Chemist: 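The structure under discussion is supplied below as structure tokens; questions concerning it will follow.
Both ligands and their constituent atoms are indexed starting at 1 by order of listing. Note that the coordinates shown come from a computational prediction; the quantities given were computed from them, not determined experimentally.
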Amino acid sequence: MSQSLESESRKLLGRLRDTLAEDGAGQERLNRITHLIADSMHTEVCSIYLFRDSETLELCATEGLKAEAVHQTRMRIGEGLVGRVAKSKRIVNTADAPSSKGFRYMPETGEEIYSSFLGLPIQRLGDTLGVLVVQSKEARQFSDDELYALEVVAMVLAEMTELGAFVGEESALGALHQNPVMFRGATGQEGVAEGHVYLHEPRVVVTNPVADDPDVELERLRDAVNTLRISVDEMLSGVDTKEKDQREVLEAYRMFANSSSWLRRMETDISRGLSAEAAVEKEQSLARTRLSNVPDAYLRERLHDLDDLSNRMLRILTGQGSDTGAEMPDDPILIARNIGPGELLEYGKSLRGIVLEQGSVGSHAAIVARALAIPLVIHAAKITTKALNGDAILVDGDQGVVHLRPEDSVAAAFRDKIAMQTEASKAYIDLVDKKATTPCGKTIALHMNAGLMADLPSLGSSGAEGVGLFRTELQFLIRNSVPKRGELATLYSHVMDAARGKRVAFRTLDIGSDKVLPYMKPQDEPNPAMGWRAIRVGLDKRGVMRMQLQALIRACAGRPLTIMFPFVAQFEEFRAARAMVDAELANEERLGHVLPTSVEVGAMLETPSLAFAPNQFFIETDFISIGGNDLKQFFFAADRENERVRRRYDTLNVSFLSFIRQIVDRCDAHGTPVSFCGEDAGRPLEAICFAAMGLKSLSMRPASIGPIKHVLRQVNLDAVAQLIDSAATRGEQTVRTDVAAYLADQGITP
Ligand code: PEP
Ligand code: MG
């Protein structure tokens, strides 16, 4: 770009800054801006369209089109040329607008007389806020230089829109951060919570997008890049050469931080009038837009690295650390794009709720949230850009819905829901010491699932008879390296102490699939859920399994030990694993160590194949625990992590229930104790049906024990079993409606 154009765009930005600095309401400012742009660009028309809601754009200011059209003309995303720009997030630049694809004639604006059209998305960090349009009568293509200048203006507009500079009475000018917004995500952990936003990584606010003096800005940029390079080098030198994955990420950071083209592009932006911060953000925005279009996972990761690096740069330039000094509210709801299990544990139980933009049902964060019983909603798209620290927020983990800055009526309805749940949980306290005995005389043992020390206090408060599933991988997931045998033995021993004589079924490491250890080499398997995971890893990499078994044996010296192996698909695997337990016990004895008073070794039934194992398997295993989460995904061949299919098949499908009954019958025939420990055990209708299928033991999250006991104590399981049988006879697919109707009929509220 020529020197003269550089100063042209600087001039334009300078005028823009002055305009923005003038007093005036939002509408007035927008009017002045459209006038200024049309004047500087020598075009007859300049218009600004902003999103009124996620689907509709509204003409908010114009120079050149009919003034009456302002706040009247609206279009849906994708509609007309303006809608096309918003949808594609791409520039449309044409000398012959009327014959362009998507052109829509809008008589109220008098637009047909304008032949040339240049539309640019008003974008901030990959988020489209509106469209900036210039039009002229003369049929001409706008030059690259003009385009550049407008791109920069669009960016500044986005920044100012975000900062609320155009807030006014009119509908589309409502402050971005004042309106109520609802997010429809997915359930990560059930439960509801009301509180105030606490941002895990508050976004950096750029208040000065336009530079006063380019030379000063250039120097600030170079200084910041230097600081960044030094800090990346320091991080790298602090990482062990063996930590290959961590080094790889940091090497990528270093590559970006030293990239001369990255620096050059930002320098060019500054010379055209942007501040150093705005130049960094412009690059970051570009990267984010690219990110959404890159199919390659590796490249996506690298673009994430660049995004992270840009945030670091912005923090250096603005002096805003990730700790902005924002006080944590008393009732914090944590908002993050994503979060690691270790970080989440640091927040611990102080959080009322968690909302993530990314995440998955089986992610480590979800596992920890579940362990801490904190409601979690995942896939809440763009919430980190919409929420501000301290905003009021409601999290409905049951429905996967979040209300940010809710209307009073929504908040009131929500509070009623919370009050009802609190009321119910008070009633459950009276049940803590009572048994889950049904009116038909059957008693179901209710156990809880756990994985952290923090879970153990629930053993007393929930009334659980023991821990039916202790997920030992959580301790591995929250660390940066493999824990040592001594550390594990101490931890397991504390778990046993806290259980005060109640039974704890320790499940050996279930890693692989969705549970990837930070220090484990990723396997890059085509289908990890059916890949090298759980007992398969344990039998192949015997060192870690042996170490874990030794730790368990030592922790339970002089008291009973219960071990279960995950994901056993065939009898031989169980036999081999059990032989390892026996060998370790013999070894400990040889060393003269005190042994556990008794040892129970069981298998998790998570693959349909094990239900058809030889009788001898049922004789040799001390107990069976049905891992319904996995079993269901393999029974229906529907990935439990895939939002598209995971709810497609109902757990109360008669085929699945009859499969459960077959498993129970086989266990009963051999006197093998059997329980169910998947998430479904904690859902009332499911729990009733499982009990009706003959299961006498269920293990669930502690918060479900009260509600399940409450229902079981009122329900006639023989009647439910009959209902299921008759539904099967009639050829019905699921018994959900029938069972719900039966409960309603009996006046039982789950
Ligand atoms: C299961 O699969 O049901 C289970 C309890 O194990 P996880 O959810 O940890 O895979
Ligand atoms: Mg499982």
Chemist: At a 4.0 Å threshold, what atoms of ligand 1 neighbour a non-hydrogen atom of C677?
Modeler: 5 (C)
Chemist: Please report the shortest heavy-atom distance between R352 and E194, naming the atom on each side.
Modeler: NH1-O, 3.2 Å
Chemist: Checking contacts here: is it the side chain or the backbone of L469 that comes within 4.0 Å of ligand 1, counting heavy atoms only? Could be both or neither.
Modeler: side chain
Chemist: Using a 4.0 Å cut-off to any heavy atom of G628, which atoms of ligand 1 qualify?
Modeler: 3 (O)
Chemist: Judged by modelled atom types alone, do N615 and R666 share a side-chain donor-acceptor pair under 3.5 Å?
Modeler: yes
Chemist: Between the main-chain N or O of W532 and the side-chain N or O of E525, is there a donor-acceptor pair closer than 3.5 Å?
Modeler: yes
Chemist: Apply ring pair (Phe, Tyr, Trp, His ring centres under 6.0 Å) to H670 and list each qualifying residue two or more places apart in sequence or on a separate chain.
Modeler: F618
Chemist: Please list, in number order, the atoms of ligand 1 under 4.0 Å from a heavy atom of G678.
Modeler: 3 (O)
Chemist: Does some non-hydrogen atom of R640 fall short of 4.0 Å from ligand 1?
Modeler: yes
Chemist: Check whether F470 forms a cation-pi arrangement with R507 (NZ or CZ under 6.0 Å from the six-membered ring centre, at most 45° off the ring normal).
Modeler: no
Chemist: Which single N/O/S atom of D630 lies at minimum distance from the Mg ion (ligand 2)?
Modeler: OD2
Chemist: Checking contacts here: is it the side chain or the backbone of D510 that comes within 4.0 Å of ligand 1, counting heavy atoms only? Could be both or neither.
Modeler: side chain
Chemist: I'd like the atom name of the N/O/S atom in E606 lying closest to the Mg ion (ligand 2).
Modeler: OE1
Chemist: Under 4.0 Å from any heavy atom of R471, which atoms of ligand 1 are there?
Modeler: 4 (C), 5 (C), 6 (O), 7 (P), 8 (O), 9 (O)
Chemist: Test: ring-ring contact (aromatic ring centres under 6.0 Å, His included). Region: residues 673-695. Which pairs qualify, not counting sequence neighbours?
Modeler: F676-F690
Chemist: Check whether N629 reaches the backbone of E679 with its side chain - one donor and one acceptor, N or O, closer than 3.5 Å.
Modeler: yes
Chemist: Pick out which of I688, D725, L743 makes a side-chain contact (heavy atoms from CB on, under 4.5 Å) with V720.
Modeler: I688
Chemist: Can you check which of E473, R507, M604 brings a heavy atom nearest to atom 6 (O) of ligand 1?
Modeler: R507
Chemist: Got an N/O contact under 3.5 Å between D630 and ligand 1?
Modeler: yes
Chemist: Once you round to the nearest 0.5 Å, how far does CG of D622 lie from CE of M564?
Modeler: 13.0 Å
Chemist: Does Q633 approach ligand 1 within less than 4.0 angstrom via side chain, backbone, both or neither, non-hydrogen atoms only?
Modeler: neither
Chemist: Between ligand 1 and E679, can you find any atom pair, the residue atom being a heavy atom, that is separated by under 4.0 Å?
Modeler: no
